[in-house]
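First comes the structure, then the notes that go with it.
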Amino acid sequence: MKVKLHHWIFIGMGGGLLVGLLLWVMELSPERLASITWWLDLFGAKIFTGALKMLVAPLIFTSIVAAVVSLGTPGELGRIGVKALVYYGVTTTVAVTIGLVLVLSIQPGMKGKRQELRSNVEAELAAAGDEFQGKVGKISNAPREPKEILANTIKDILSNPFFALTHSKSLGIIFFSILLGIAITACGEAGQPAAAFFKSLSVAMFKLTTWIMSISPLFIACLIASMVAKNGPEVFLTLGWYALTVILGILLHVVFLLTLVKFVGKKSPMEFLLGIREAWAIAFSTRSSAATLPVTLHCLKKKLGVSEKTSDFVLPLGATVNMDGTALYEGVAVLFLIQLFGGLEGAAGLDPATLGFTTILIIFITAVLASVGAAAVPDAGLVTMVLVATAVGLDVRFLPFIFAIDAFLDMFRTSTNVMGDSIGAVIIDRLEGESPPAAAA
C-alpha cells in the first residue's frame with residue numbers, strides 16, 4: 001500500500017520527537033548541541049518555514065483576486081463576506097467564553113507552588129526575561145490601548161499594495177485584492193483578460209505549493225527535533241495546570257467546531273478531520289496559520305471539495321482575522337497570571353479572590369478584539385496579550401513568566417485557528433450551495 005503524504009508528515013513528527021529526546025538525554029556539550037540544532041533549524045525553521053512564508057503574500061493576492069472575479073457580482077461578494085464575519089464573531093466569542101469559564105473553575109494560578117513562586121517572583125521574572133529576551137522585545141513596543149490597535153489596523157489596510165506584498169501585511173493585501181477584483185469585474189468584457197490572468201496565476205501558485213509540500217515530512221522532523229533538543233521533555237510539563245487549562249479549553253472548542261461542521265456544514269466530522277490532517281500537522285509544527293495557508297487551501301479544495309471561489313476568499317481572510325485558539329489562550333493566560341500574582345506590585349488592584357464581573361468582562365472583550373489584530377505568525381499572541389493585560393491593570397512584566405511553555409501551547413492554538421478557518425469555509429460553501437462532491441482523501 002502506498003504511503004500517503006499525510007502519513008509521512010506524522011511519521012516525520014514522531015521521528016523528530018525521538019531524535020530530539022535522544023539529543024536531550026545524551027547530555028551533549030552546549031557547543032555540540034548548538035551545532036546540531038543549527039542544522040536542524042536551517043532545514044526546519046529557515047528553509048521550510050521560509051519557503052511557506054515565501055508563498056503567502058502572492059498566494060493571498062492571487063487567490064482573493066481570482067475568487068472575487070469568479071463571484072461575478074458585488075452582491076455575491078458581500079453575501080459571502082457577511083456570512084464569514086458572522087461565523088468568525090460567533091466562534092471567537094464561544095472560544096473566549098470557554099477559556100474564561102475553565103480558568104475561573106479550575107483556577108490554575110491558585111495551585112502548585114503558588115506561595116513559593118510569589119515569594120520569589122522578582123527572581124523568576126528576571127530569569128525569564130533573560131532567557132526569553134527576544135520575546136520580551138516583541139512585547140515591549142506592543143500597542144497597549146484599543147485605539148492604538150485600531151490606528152495600526154487602518155494603517156495596514158491602507159498601506160501601499162507593493163509594500164504590503166513585500167512585508168506580508170495581510171490586511172493591506174486583502175483590502176487591495178478585493179478592490180482590484182471588484183474593479184476587474186466592473187470592467188466587463190474588457191476586464192476578462194485580467195480575470196483569466198489571475199485565475200491562471202492562482203492555479204500556478206497552487207502547483208508550487210504542491211511541490212513544496214512533497215518534501216515537508218523531513219523538514220517537519222527537523223522542526224520538532226530542534227524544539228525538543230533545546231527544551232527537553234520539560235517543554236511538555238512546565239506550568240502544568242496552566243497548560244492543562246488551555247488544552248482542555250481548546251479540546252472543548254474543537255468539539256464545538258466539529259458540531260458546527262456536522263449540523264451546519266452537513267459534513268461528517270471524521271471526513272473533515274481526515275481531509276485537513278495535512279494542514280493540521282503543518283499548523284501544529286510551524287505554529288503559523290499564514291505559513292499553513294497554502295496547505296489549507298490545498299486540503300479544502302482537493303480533499304473536502306470546497307469550491308475555489310469560497311476557499312480562495314474565506315481562508316485568506318480567516319487566516320488574518322479569525323484566531324479562535326489565540327483568543328481563548330489570551331483570556332486564560334491573563335486570568336492565570338492574575339490568580340498567580342494578584343495583589344503584588346504591578347497587580348495590586350487585582351485580587352483573585354474578589355475578581356469582579358467588570359474585570360472579567362474587560363478581559364473577554366479585549367481578548368476578542370486582540371485576537372483579530374494578531375498576526376498569523378509564531379508568538380503573535382504574546383504581542384496582542386499586552387492589550388488584554390494592560391486593559392485590566394496587569395503589569396506586562398509578568399508576561400515573561402509564561403514564555404517557557406508558550407511555544408508548546410502555540411502549537412495547539414495555531415492548529416485550532418486553522419481548523420476554525422477550514423470549518424468556516426466548509427459551512428459557507430454549503431450555505432452558498434457551491435460545494436461539489438468531496439474528492440477522495
Side-chain angles (χ1 to χ4, degrees), residues 10 13-14 16-17 20-21 91-114 223-224 227-228 231-260 269 272-273 276-277 279-289 292 322-340 363-364 367-368 370-371 374 378-382 384-385 388 399 401-423:
F10 285 107
M13 293 176 71
L17 175 62
L21 289 173
T91 56
T92 302
T93 299
V94 171
V96 177
T97 302
I98 289 173
L100 294 183
V101 169
L102 283 179
V103 74
L104 290 171
S105 302
I106 298 174
Q107 295 191 319
M110 308 296 287
K111 302 183 185 301
K113 299 181 179 180
R114 180 174 183 265
L223 276 169
I224 300 294
M227 184 193 72
V228 177
N231 300 285
E234 286 83 356
V235 73
F236 303 106
L237 301 174
T238 307
L239 303 174
W241 281 103
Y242 163 62
L244 175 66
T245 304
V246 173
I247 293 172
L248 179 59
I250 284 175
L251 289 176
L252 290 176
H253 188 63
V254 166
V255 171
F256 167 72
L257 291 175
L258 293 177
T259 302
L260 286 182
F272 171 78
L273 291 174
I276 67 159
R277 53 195 164 192
W280 182 91
I282 299 297
F284 191 83
S285 54
T286 63
R287 299 160 45 214
S288 171
S289 52
T292 310
N322 184 44
M323 304 282 182
D324 295 353
T326 301
L328 185 151
Y329 150 83
E330 289 182 344
V332 171
V334 170
L335 272 176
F336 166 73
L337 291 173
I338 291 174
Q339 292 171 356
L340 191 58
I363 293 174
F364 173 86
V368 171
S371 69
D379 302 324
L382 294 175
T384 54
M385 196 191 302
V388 186
L399 299 186
F401 184 77
I402 61 174
F403 285 178
I405 201 171
D406 183 73
F408 173 60
L409 294 179
D410 198 11
M411 293 176 166
F412 289 90
R413 63 181 187 254
T414 301
S415 53
T416 304
N417 291 343
V418 170
M419 179 182 289
D421 296 342
S422 301
I423 289 177

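Along the sequence shown, the residues carry numbers beginning at 1.
Just one of Thr326, Val332, Leu328 meets the side-chain contact (heavy atoms from CB on, under 4.5 Å) condition when paired with Glu330; it is Thr326. Each of Leu257, Ile98, Ile423, Thr93 was scored for a side-chain contact (heavy atoms from CB on, under 4.5 Å) with Asp324, with one residue passing: Leu257.
With contacts defined as side-chain heavy-atom distances shorter than 4.5 Å, the pair Leu244/Trp241 qualifies. Counting heavy atoms from C-beta on, the side chains of Leu102 and Leu252 come closer than 4.5 Å. By the 4.5 Å heavy-atom criterion applied to side chains, Gln339 and Val103 are counted as neighbours. A heavy-atom distance below 4.5 Å is not found between the side chains of Trp280 and Leu273. Taking 4.5 Å as the limit, some side-chain heavy atom of Leu335 sits within range of a side-chain heavy atom of Leu100. Side-chain atoms of Ile338 and Ile363, non-hydrogen and from C-beta on, do get closer than 4.5 Å to each other. Under the 4.5 Å side-chain criterion, counting only non-hydrogen atoms from C-beta, Ile276 is not in contact with Val418. Residues Val255 and Leu251 form no side-chain contact, since every pair of their non-hydrogen atoms from C-beta on lies 4.5 Å or further apart.
Rounding to the nearest 0.5 Å gives a distance of 10.0 Å between OG1 of Thr292 and CG of Asn417. The NE2 atom of His253 sits 10.0 Å away from the CG atom of Leu258 when rounded to the nearest 0.5 Å.
Under the ring-ring contact (aromatic ring centres under 6.0 Å, His included) criterion, Phe364 pairs with no residue at all, not counting sequence neighbours.
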>> side-chain contact (heavy atoms from CB on, under 4.5 Å), that's the test. Do Ile250 and Tyr329 meet it? Break it down for me.
In response: CA-CA 8 Å; Ile250 284 175; Tyr329 150 83; 5.9 Å; no
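Of all heavy-atom pairs between Ala367 and Gly331, the closest is CB-N, 4.2 Å. Thr414 and Ser289 make their closest contact through CG2-N, 3.6 Å (heavy atoms, listed as atom of the first residue, atom of the second, distance).
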